[in-house]
Amino acid sequence: MSARTRGRVDGLPEWDRCAVMGVVNVTPDSFSDGGRWFDTEGAVKHGLDLVAQGADLVDVGGESTRPGAARVSEAEELRRVLPVVRGLAAEGAVVSVDTMRASVAARAVAAGAVLVNDVSGGLADPEMVPAVAEAEVPFVVMHWRGQSIDMNNRAVYTDVVGEVVSELRDAVDRAVGGGIAPARIVVDPGLGFAKRAEHDLALVAALARLRTELSRPLLVAASRKRFLGRVLAHEHGTTPPPARERDAATAAVSALAAREGAWAVRVHEVRASADAVRVARAIEEAAPPHDAGAPHGPETSHSSHAPHRPETPRTEDTEAPE
């Protein structure tokens, strides 16, 4: 599957495979690695280590988005993020900033970030879309239904794939209407954000449909998320493994996402996913020409159309979606 099929993003390098975005959380409370890279020097070193392990981009965030997390102040988010963005950019890394604040996005771009990754898709801050449009940088529009404090209560769907597609279309339309060039927009189905495990699995099963119906490059951020823990717990008859023990499962999703045409995967542990997307690319290249880009198995075309009943939201999940 070519870059043309995956989609190009104006303002970013072009890769001949699914790209890998490594995560640098400059936070004390992120669900899988909170506090490990909280100082600037350690965070910059970690980001460079991710690049050495195969990351194509490094996504720097200074605010946890785990369910129930309280927001940090603008000043604190800037204090955490800007020196890390500046340090990584100075070393030649392709840097993304993970923020819901327009002011943080603008200052991070000025410090060297080349992509804004907003988990709210521009909904949390009405100044975000105008700021990104003015900066003329790419923008990740994620499916989002509200702040982390009560996101689990919003995980109610009749047809999760259809509703996510519809709501993402609306978000993309708002971004384009606000001045962001369509060729700079990436979409993200928001795995773990106002989603239960069955919703996340349905969305992963429908990645080809998402890519086709939204007609935008697709970012898949499944790394270490609770739906993977639920799958592993069910298979082994145990409690879900800790977040940092889900990296093999994450790499499995990375391989599937690459095979289904994702533009990039966002992961905490890079090496396994970097290997996975490269193997997926090699398999694509080995396929006969008439098989390239063909649907991969019967589930791709119709599993996402199975009927769903409205569900009662659960509030016990406290693991982060980031």
Undergrad: Measuring only between side-chain heavy atoms, which start at C-beta, is L219 closer than 4.5 Å to V187?
TA: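 Counting from C-beta outward, L219 and V187 never come under 4.5 Å.
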Undergrad: If we ignore hydrogens and angles and just use 3.5 Å, is the side chain of R6 paired with the main-chain N or O of A258 as donor and acceptor?
TA: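 Checked: pair present.
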Undergrad: Once you round to the nearest 0.5 Å, how far does OG of S103 lie from CG of D125?
TA: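 Nearest 0.5 Å value for the OG-CG distance: 7.0 Å.
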Undergrad: Evaluate the side-chain proximity of V161 to R209: yes if any heavy-atom separation is below 4.5 Å, no if none is.
TA: yes
Undergrad: To check you understand the geometry: which heavy-atom pair defines the closest contact between L207 and V220, and what is its length?
TA: CD2-CG2, 3.9 Å
Undergrad: Looking at V267 and S273, what are the two nearest heavy atoms and their distance?
TA: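 The answer is CG1-OG, 3.5 Å.
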Undergrad: Donor-acceptor pairs under 3.5 angstrom involving side-chain atoms of residues 135-143: please list them, not counting sequence neighbours.
TA:
from, atom 1, to, atom 2, distance (Å)
H143, ND1, K195, NZ, 2.8
H143, NE2, E167, OE1, 2.6

Undergrad: Membership question, hydrophobic clusters at under 4.5 Å side-chain separation (ILVMFWY): are L214 and L203 in the same one?
TA: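 They do share one cluster, since a chain of ILVMFWY contacts under 4.5 Å joins L203 to L214.
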Undergrad: Kindly indicate whether the side chain of I180, heavy atoms from C-beta on, has any atom under 4.5 Å from the side chain of I185.
TA: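 Yes, at least one pair of side-chain atoms sits under 4.5 Å.
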Undergrad: Could you tell me which non-hydrogen atom of L191 sits nearest to which non-hydrogen atom of A221, and how far apart they are?
TA: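 Shortest heavy-atom contact: CB-O, 3.8 Å.
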Undergrad: Any donor and acceptor pair, going by atom type alone, linking the side chain of S166 with main-chain N or O of G162 inside 3.5 Å?
TA: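 Pair absent, no side-chain N/O of S166 close to backbone of G162.
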Undergrad: Strictly distance-based, threshold 3.5 Å: is any side-chain N or O of R145 a donor or acceptor partner for the main-chain N or O of F193?
TA: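 Flag not set: sc R145 to bb F193 has no pair under 3.5 Å.
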Undergrad: State yes or no: do V20 and V51 share one hydrophobic cluster built from I, L, V, M, F, W and Y residues joined by side-chain heavy-atom distances below 4.5 Å, directly or via other members?
TA: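 V20 and V51: one cluster.
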Undergrad: In a check of side chain to side chain contact (heavy atoms under 4.5 Å, CB included) between V85 and each of V44, V26, V24, V95, which one passes?
TA: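 Going through the options one by one, the only one that passes is V95.
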Undergrad: Output, in order, the C-alpha distance, side-chain angles, deciding distance and verdict of side chain to side chain contact (heavy atoms under 4.5 Å, CB included) for R211 and E260.
TA: CA-CA 8 Å; R211 181 175 58 83; E260 294 298 343; 5.7 Å; no
Undergrad: Within the structure provided, determine whether T40 and R80 are in side-chain contact (heavy-atom separation under 4.5 Å).
TA: no
Undergrad: Roughly how far, to the nearest 0.5 Å, is CZ of R224 from NE2 of H268?
TA: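 One finds 6.0 Å between NE2 of H268 and CZ of R224.
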Undergrad: With the 4.5 Å side-chain cut-off for hydrophobic clustering, are L201 and V164 part of the same group?
TA: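 L201 and V164: one cluster.
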Undergrad: Can you hop from V109 to L88 via hydrophobic side chains spaced under 4.5 Å?
TA: yes
Undergrad: Going by distance alone, is a donor N or O of one side chain under 3.5 Å from an acceptor N or O of the other, for T27 and N25?
TA: no
Undergrad: Do the non-hydrogen side-chain atoms of V97 and L115 ever get within less than 4.5 Å of each other?
TA: no
Undergrad: Sequence neighbours left out, what passes side-chain contact (heavy atoms from CB on, under 4.5 Å) with D173? Give chain and number order.
TA: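 Partners of D173 by the side-chain contact (heavy atoms from CB on, under 4.5 Å) criterion come out as none, since no residue qualifies.
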Undergrad: Between the main-chain N or O of Y157 and the side-chain N or O of E163, is there a donor-acceptor pair closer than 3.5 Å?
TA: no
Undergrad: Compare every heavy atom of V277 with every heavy atom of S254, then report the nearest pair and how far apart it is.
TA: O-CG1, 4.1 Å
Undergrad: Find out whether V204 and D200 are in side-chain contact, i.e. whether some heavy atom of one side chain is under 4.5 Å from a heavy atom of the other.
TA: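 They are not in contact (no side-chain heavy atoms under 4.5 Å apart), so the answer is no.
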Undergrad: Could you check if a side-chain atom of L232 sits within less than 4.5 angstrom of a side-chain atom of P240, using non-hydrogen atoms only?
TA: no
Undergrad: By the side chain to side chain donor-acceptor pair (under 3.5 Å) test, which pairs, at least two apart or in different chains, include something from residues 47-61?
TA: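 Applying side chain to side chain donor-acceptor pair (under 3.5 Å) to every pair that reaches into residues 47-61, excluding sequence neighbours, yields W15-D56, R17-D56, K45-D49, D59-S96, D59-N117, D59-R266.
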Undergrad: Restricting to non-hydrogen atoms, name the atom on A274 and the atom on R278 that form the minimum distance, rounded to 0.1 Å.
TA: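 It is O-NH1, 3.0 Å.
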Undergrad: Is there a path of hydrophobic side-chain contacts, each under 4.5 Å between heavy atoms of I, L, V, M, F, W or Y residues, that connects V165 with V176?
TA: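 Yes, same cluster.
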Undergrad: Under a 4.0 Å N-O cut-off, is there an ion pair linking E74 with R101?
TA: no
Undergrad: Check whether any side-chain N or O of S215 sits under 3.5 Å from a backbone N or O of T212 as a donor-acceptor pair, and report yes or no.
TA: yes
Undergrad: Hey, could you give me the CG/OG distance between L78 and S73, rounded to the nearest 0.5 Å?
TA: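 Going from the CG atom of L78 to the OG atom of S73 covers 8.5 Å.
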Undergrad: Report the C-alpha distance between L123 and R174 in whole Å, list the side-chain angles of each, state the deciding distance to 0.1 Å, and finish with yes or no for side chain to side chain contact (heavy atoms under 4.5 Å, CB included).
TA: CA-CA 9 Å; L123 290 173; R174 285 191 298 271; 3.4 Å; yes
Undergrad: Counting only heavy atoms not in R184, do more than 12 fall under 6.0 Å of its CZ?
TA: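 Count over threshold, so yes.
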Undergrad: Can you tell me how far OG of S120 sits from CE of M128, rounded to the nearest 0.5 angstrom?
TA: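 Going from CE on M128 over to OG on S120, the span is 6.5 Å.
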Undergrad: Using side chain to side chain contact (heavy atoms under 4.5 Å, CB included), reason through V94 and V114 one step at a time and then give a plain yes or no.
TA: CA-CA 7 Å; V94 180; V114 296; 3.6 Å; yes
Undergrad: Find the distance between CZ (R259) and CZ (R281) and round it off to the nearest 0.5 Å.
TA: 10.5 Å
Undergrad: Do the non-hydrogen side-chain atoms of R216 and V186 ever get within less than 4.5 Å of each other?
TA: no
Undergrad: Check the side chains of E77 and T99 for a donor-acceptor pair under 3.5 angstrom, ignoring hydrogens and angles.
TA: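 There is such a pair between these side chains.
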Undergrad: Strictly distance-based, threshold 3.5 Å: is any side-chain N or O of R196 a donor or acceptor partner for the main-chain N or O of F227?
TA: no
Undergrad: Does R86 reach the main-chain N or O of G112 with its side chain, forming a donor-acceptor pair under 3.5 Å?
TA: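 Checking the backbone N and O of G112 against the side chain of R86, no donor-acceptor pair under 3.5 Å is found.
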Undergrad: How close do A251 and A276 get, heavy atom to heavy atom, and via which atoms?
TA: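 Scanning both residues, the minimum pair turns out to be O-CB, 3.7 Å.
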Undergrad: Give, for atom OG1 of T250 and atom CD of E245, the distance between the pair rounded to the nearest 0.5 Å.
TA: 12.0 Å
